[in-house]
Amino acid sequence: QAARAGRDPDAVTLRLDPAARPQAVADRGFPAERTAAYVCVGTSCSAPLADAGSLARELAQARERLAARAT
């Protein structure tokens, strides 16, 4: 829910279930045994985020960094 709460038209949410798509999880280097969210910009991703508050903060910071680059 936190990932979809933003209204950024360029944001993409990708849900990777290790049971359904183990290779997609492994290809990205994410641990299959942990439920976590990652905020990625380009090819750089955040550390694993385990709660909605951390995810919301990381998303806000990513938006701020991108906005600063655009000006």
Side-chain angles (χ1 to χ4, degrees):
Q1 290 175 338
R4 288 179 268 211
R7 304 225 182 250
D8 185 346
D10 295 323
V12 175
T13 303
L14 178 61
R15 182 172 182 235
L16 297 175
D17 180 350
R21 298 181 57 201
Q23 192 58 51
V25 173
D27 287 349
R28 289 163 176 81
F30 300 148
E33 66 280 351
R34 177 192 300 183
T35 299
Y38 300 84
V39 175
C40 302
V41 177
T43 58
S44 179
C45 295
S46 70
L49 305 163
D51 62 87
S54 296
L55 176 56
R57 283 188 298 279
E58 188 67 31
L59 286 168
Q61 290 172 356
R63 281 187 208 100
E64 289 173 14
R65 287 191 301 270
L66 289 172
R69 285 187 204 168
T71 59

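Please read all numbers here as calculations on a predicted model, not as lab measurements.
Listed by chain and number, the residues in a side chain to side chain contact (heavy atoms under 4.5 Å, CB included) with Thr43 amount to none (sequence neighbours excluded).
Here CD of Gln23 is found 10.0 Å from CZ of Arg28. Values are rounded to the nearest 0.5 Å.
Nearest heavy-atom pair, Pro22 versus Ala19, reported as atom, atom and distance to 0.1 Å: CD-O, 4.1 Å. Here the closest heavy-atom approach between residue Ala32 and residue Pro18 is recorded as O-CG, 3.5 Å.
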Check the pair Leu59 / Arg63 against side-chain contact (heavy atoms from CB on, under 4.5 Å), numbers first and verdict last. CA-CA 6 Å; Leu59 286 168; Arg63 281 187 208 100; 3.9 Å; yes
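Applying the disulfide (SG to SG under 2.5 Å) definition to pairs two or more places apart or across chains, those involving residues 3-71 are Cys40-Cys45.
Through side-chain heavy atoms spaced under 4.5 Å, either directly or across other Ile, Leu, Val, Met, Phe, Trp or Tyr residues, Leu14 is tied to Leu16, Val25, Phe30, Tyr38.
Using modelled atom types, one side-chain atom of Ser46 and one backbone atom of Val39 make a donor-acceptor pair closer than 3.5 Å.
Ion pairing between a basic and an acidic side chain is recognised when a charged N comes within 4.0 Å of a carboxylate O; Arg65 and Glu58 show such pairing.
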